[in-house]
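Below: one structure, written as structure tokens.
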Amino acid sequence: MKLIVEPAKAPLTGHCRVPGDKSISHRLAMLGGMADGESLITGYLDSADTRATLAAMAALGAEISESDGEIRIRGGRLRAPAGPLDLGNSGTGVRLLAGALAGHPDLHGSEIRLIGDASLSRRPMGRIVEPLREMGARIEDHAGCLPLTLRPGPLIGIRFRPRVASAQVKSAVLLAGLFARGETVVIEPGPSRDHTERLLPAFGVDIRRQDAEIHLPGGQRLHAGRFHVPGDLSSAAFALAAGLLVPGSRVVLDGVGLNPSRDGVLRILAGMGGQVEVQPGEMVGSEPVGSLTALHSNLSGLEIPPDWVPLAIDEFPVIMALAAAAQGATVISGAEELRVKESDRLAVMCRELARLGVRVEETADGAVVHGGPVRGGAVDSHCDHRIAMSLAVLGLVAESEVVIDNAEWIRTSYPGFVDDFRALGALMRWEEGV
Ligand code: S3P
């Protein structure tokens, strides 16, 4: 489906409650499905990715019901699913689930296949398969990719230092460690989002951090609880960017997760001269939450410090879109991980920005984006939700209409994106089947 974005004729104004955090939703579905008792979750993200994880947990025997925006999950006893578990487009879904199931005691002796869509089937799985095998997991991949075939059995704890600062890799090993014999230690090469470490204690799990080391004793059981999922800062980033770009705008985002391991985007926006007021609120469970207000700003280019990259890893498409409309050059380096996301986000953003007349240079581990006038025209999402939404934001300040092909992939993480943007005053419409 095509999404047509018209240049904004008026400021964007108003409040927006962004959808629930994708990372936290996936984790709650899995942990709730494995925990003894009934967990109650509000604010769960209703999107294709997070529905796939719920469906996988249901196929594994968790009892899941939904009403009035609340999800109830009765877990505690898993069984082998009747067929393959399809995690769709979700790297978090498949990598964390592989870890959680690799040694799960209820599943010993069974065989489980994990599959996904074309994009997920191209993404590297060696990064989780290798440490899980070191723990004793019997797991087969297909040339380092999906499908994965698991034969759950006994695991032993390991000391593991991932090569990349990746929350998915760290979390896969920690979730496997829950059911291993002995202690699992993950030594982080650099900070990455810490939702798993924050959530596990709420399920009664003993887990401790000592500087860069995370220690998790094995042989643990999880206990159900009540949880609220805060708004996703990665989804909020689109409305923040739009508020900064469109003259006269003032956009307020309420109930957004402000976990410091995710706040790289706020640092980068501030570094570009973007005025984003942060109003910290109360903790929601183990996560800090607050309100953000974006005011139209004159943005300038920024040399982004490479150590900020993992803290803003999902926001680079929209940061590149902002950079295209800023004054001067934005330099991104140390960001080769962007090449193994839902698409090769460095290559795809460079190609699509160039189609809108933006001067960009792609480098091995980043890009240089030169700000300047942005033409209208036809672009493509490359089946990547964040590319589609980033190009839509840039379309608001293009010289003429921007038409984004394959924009329906937005449903992966933010099905209400177009409605939310329209409510703020943006002119966007779907054009079907053209
Ligand atoms: C996620 C971790 C990040 C991020 C992804 C969600 C998570 O991936 O890109 O969208 O929920 O753990 P990496 O950990 O592989 O960088």
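Counting starts at 1 for both ligands and their atoms, in listed order. The figures here come from the full heavy-atom set of this structure, side chains too, leaving out hydrogens, waters and symmetry mates. Since the model is a prediction, treat every value here as computed from it, not as a measurement.
The N/O atoms of Ser23, backbone and side chain alike, include one that comes under 3.5 Å of an N/O atom in ligand 1. The shortest N or O to N or O distance between Asp314 and ligand 1 is below 3.5 Å. Residue Ser166 has at least one nitrogen or oxygen atom sitting less than 3.5 Å from a nitrogen or oxygen atom of ligand 1, judged on distance alone.
Among protein heavy atoms, atom 16 (O) of ligand 1 sits closest to Lys341 NZ, 3.1 Å. Atom 12 (O) of ligand 1 has Arg27 NH2, 2.6 Å as its closest protein atom, hydrogens excluded (heavy atom only). For atom 6 (C) of ligand 1, the nearest protein heavy atom (residue, atom name, distance) is Thr92 OG1, 3.2 Å.
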Walk me through it: do Glu197 and Arg208 pass the test salt bridge (charged side-chain N to carboxylate O under 4.0 Å, His left out)?
CA-CA 8 Å; Glu197 303 92 292; Arg208 272 158 289 133; over 6 Å; no
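Of all atoms in ligand 1, numbered sequentially from 1 with element shown, those under 4.0 Å from a heavy atom of Ala167 are 12 (O), 14 (O).
Glu287 and His228 are not linked by any side-chain donor-acceptor pair at a separation below 3.5 angstrom, with hydrogens and angles left out of the test. For the residue pair Lys170 and Ser192, a side-chain donor N or O sits within less than 3.5 Å of a side-chain acceptor on the partner. Between the side chains of His195 and Ser23, no donor-acceptor pair of N or O atoms lies under 3.5 Å. Neither side chain, His382 nor Glu342, offers a donor N or O lying under 3.5 Å from an acceptor on the other.
Closest heavy-atom approach to atom 2 (C) of ligand 1 among the candidates Glu315, Gln168, His195: Gln168.
The pair Lys22-Asp232 fails the salt-bridge criterion, with no side-chain N (NZ, NE, NH1 or NH2) lying under 4.0 Å from an Asp/Glu carboxylate O. A salt bridge links Glu130 and Arg163; the closest N-O separation between the charged side-chain nitrogens and carboxylate oxygens is under 4.0 Å.
For Lys170, no heavy-atom contact with ligand 1 is shorter than 4.0 Å.
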